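Everything numeric in this text was worked out from a predicted model, so none of it was measured.
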Amino acid sequence: MQNTALALLPIVTILIVSVLTRRTLLALFCGTVVGALLLSGFGFVDSWIGYFGTSMNDETVQWLLLVVALFGMLIAVFNASGAVRDFALWAERFVNSRRRSLVATWLLTIVLFIDDYLNALTVGTSMKSVTDRYGVPRTMLGSIIKMTSAPIAVLIPFSTWAVFFAALLEKDGVTVGGSGMGAYIQGLPFVFFGWIALIVGLLLALGVLPAIGTLRADVRRARETGDTLPANTTDEERAFEQAGMQGEAPSRPLPFAFLIPIATLVAVTIASGIDIVKGSAAALVVAIVIALIQRRLTFRKVLDQAFEGIASMMFVMVLSVLAFMVQHMNMDLKLVDWVIEVTQPLMTGALLPAIVFLVCGIYAYATGSFWDLAAVITPIVLPLAIAMGVDPILAGAAVFSGAAFGSTTCLYGDGIILASRSVGVKPVNLMTAILPYAGLAGALTFIAYLITGFVMA
């Protein structure tokens, strides 16, 4: 079953079940069962348990669970203390229309370019109470954030993405001025998905691009009912998301109980070498201290909110474990080897950049791995490009575009998981809302690489 077309079955199962049932956990569970059957046959139960243990022992999963738990507690403290409500009321002085709230979301995501996890978590948490007041569905807020977060991270040479990708170029001997960063900067004009996705996100925020697909239904529902959360939101999830706007509004709302912890989050994350766990923990401590000083929460209430915040994130925690089970199964099914084997005959001359982008996009979506994708594919693509007389910087840019595309769309990727949690929706809601816009950006990117490949051949 390995290194054959059957390796696609878990992914196909996940997509079909998620679209038909709108239940992400069920879809991922079914995908893991299919993967275990392909790998172990009748011994699939033991295989499934083994992959569960592998996922739980994955350092990335452990990191992700910590981040999610800390953010759950932070959001719960914000809600219970009224910090979210005060920030939303204060922000109305500057963001006083639907369009301005969405453009502000787009701009804030760009400002926090240093890391896509940082901007997705911070912007979603900061802006959802503001956009709610103008009837913006949470899926639209999440779509604008995700259409901007990974693309801006891949375009700014000071981001975590850029530093990692530049190191890959240098390791494989592709340098400008003796450094991989020089090569990366020279290749930035060719990271087409990043540029196109940013433009698509801005056009969506401005209302130039209409709401289509499931996002159109969400917009219509929000307009008719005033409910910005998706229809499949549970009562518990809805109560948690709406808790921040309850209570008596102050006559002069001040944003500091919200902004100071958020500023702490950003500052500590950057100062600690882009460690979001440390940034989230510091923000949580600051938020608790402010709430206690202002006497908005008692210590007992803080503990209650901490437990409630963690409980609100249990869905995402289970989802993360299942998502990484799928990743490990895909690796053992040699899905990547099969995709490369099938598409390598097409990787010739002028077609190489476009095919590389396509393969990387499929790889990223299928595995939920983005930096791993670049680490695996780059050493294959760059020598191949040099042998074919194709600019290796252009080929590398196609790899990085494919990674950004996958991060923007993958249902069980950590980018979609964190962004959906920050805006209070399920990953399947965010994925189906964003797919038409990411698909448009992806199609235009493919065409751009086709044209560029022939022009530079």
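- Rounded to the nearest 0.5 Å, atoms OG1 (Thr105) and CG (Leu204) are 10.5 Å apart.
- Between Trp90 and Leu259, some side-chain heavy-atom pair lies under the 4.5 Å cut-off.
- Of all heavy-atom pairs between Gly279 and Thr269, the closest is CA-OG1, 3.4 Å.
- Using cut-offs of 30° and 60° on the angle between ring planes, the pair Phe357 and Tyr449 is tilted.
- Aromatic ring centres of Phe87 and Phe78 lie farther apart than the 6.0 Å criterion allows.
- Of all the heavy atoms in Val154 and Phe165, the pair that sits closest is CG2-CE1, 3.7 Å.
- With contacts defined as side-chain heavy-atom distances shorter than 4.5 Å, the pair Leu38/Met329 does not qualify.
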*List the steps, then state whether side chain to side chain contact (heavy atoms under 4.5 Å, CB included) holds for Thr409 with Ile416.*
CA-CA 7 Å; Thr409 57; Ile416 286 286; over 6 Å; no

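- Taking CD1 of Ile75 as the reference point, atom CG of Leu70 lies at 11.0 Å (rounded to 0.5 Å).
- The side chain to side chain donor-acceptor pair (under 3.5 Å) test applied to Ser47 returns Ser40, not counting sequence neighbours.
- Using a 30° and 60° split on the angle between ring planes, Phe405 and Phe193 fall in the perpendicular class, above 60°.
- No side-chain heavy atom of Leu28 sits under 4.5 Å from any side-chain heavy atom of Val17.
- Side-chain contact between Tyr437 and Thr408 is absent, with no heavy-atom pair separated by less than 4.5 Å.
- A distance of 11.0 Å separates CG in Leu102 from CG in Leu107, rounded to the nearest 0.5 Å.
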*Under the side chain to side chain contact (heavy atoms under 4.5 Å, CB included) criterion, do Leu435 and Met431 qualify, and how do the steps go?*
CA-CA 6 Å; Leu435 269 182; Met431 182 203 72; 4.2 Å; yes

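- Remark: Arg100 engages Val95, Asn96, Ser97 in a side-chain contact (heavy atoms from CB on, under 4.5 Å) (not counting sequence neighbours).
- Between the side chain of Thr432 and the backbone N or O of Asn429 there is at least one donor-acceptor pair closer than 3.5 Å.
- One N or O on the side chain of Trp195 and one on the backbone of Leu188 form a donor-acceptor pair closer than 3.5 Å.
- Residues Gly402 and Cys360 approach most closely at CA-CB, 3.8 Å, considering heavy atoms.
- Between Thr125 and Phe258, the closest heavy-atom pair is O-CZ, 3.7 Å.
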*Yes or no on side chain to side chain contact (heavy atoms under 4.5 Å, CB included) for Phe400 and Leu169, after CA distance, side-chain angles and deciding distance?*
CA-CA 11 Å; Phe400 308 147; Leu169 291 173; 4.0 Å; yes

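- Partners of Ser422 by side chain to side chain donor-acceptor pair (under 3.5 Å), not counting sequence neighbours: none found.
- The only option from Asn330, Thr32, Val61, Asp58 that meets the side-chain contact (heavy atoms from CB on, under 4.5 Å) definition with Met325 turns out to be Thr32.
- Within the 4.5 Å cutoff, the side chain of Thr234 has heavy atoms near those of the Glu237 side chain.
- Taken to the nearest 0.5 Å, the CG atom of Leu440 stands 7.0 Å off from the CG atom of Leu209.
- To the nearest 0.5 Å, atom CE of residue Met147 and atom CD1 of residue Ile152 are 13.0 Å apart.
- Salt bridge status for Arg138 with Asp218: absent, with no side-chain N to carboxylate O gap under 4.0 Å.
- Judged purely by atom type and a 3.5 angstrom limit, Lys278 has no side-chain atom pairing as donor or acceptor with the backbone of Ala271.
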Show the atom names and distances, to 0.1 Å, of all donor-acceptor pairs under 3.5 Å that link a side chain in residues 299-306 to residues at least two apart or in another chain.
none

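- A donor-acceptor pair under 3.5 Å is absent between the side-chain atoms of Ser407 and the main chain of Ala404, judged by distance alone.
- For the pair Ile290 and Phe256, the tightest heavy-atom approach, listed with the atom from each and the gap, is CD1-O, 4.2 Å.
- The structure places CD1 of Ile270 at 9.0 Å from OG of Ser272, a figure rounded to the nearest 0.5 Å.
- With a 4.5 Å cut-off on side-chain heavy atoms, Pro427 and Leu319 count as touching.
- Scored by the side chain to side chain donor-acceptor pair (under 3.5 Å) test, Tyr51 finds Asp332 as partners (sequence neighbours excluded).
- In this structure, the side chain of Asn57 engages the main chain of Gly53 through a donor-acceptor pair within 3.5 Å.
- Every side-chain contact (heavy atoms from CB on, under 4.5 Å) that Ala433 has, sequence neighbours left out, goes to Thr139, Ser143, Thr214, Leu215.
- Among all heavy-atom pairs drawn from Ser81 and Ala291, the shortest one is CB-CB, 4.1 Å.
- Between Phe192 and Phe190, the ring planes are perpendicular. Angles over 60° get that label, and only those under 30° would be called parallel.
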_Before you tell me yes or no, could you show the steps for Ile417 and Ser320 under side chain to side chain contact (heavy atoms under 4.5 Å, CB included), namely the whole-Å CA-CA distance, both residues' side-chain angles and the distance that decides it to 0.1 Å?_
CA-CA 8 Å; Ile417 290 173; Ser320 300; 4.0 Å; yes

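- With hydrogens and angles disregarded, a donor-acceptor distance shorter than 3.5 Å links the side chain of Ser149 to the backbone of Ile145.
- Looking at Ser280 and Leu74, their side chains never come closer than 4.5 Å, going by heavy atoms from C-beta outward.
- Put simply, the side chain of Leu198 reaches to within 4.5 Å of the side chain of Thr148, judged on heavy atoms.
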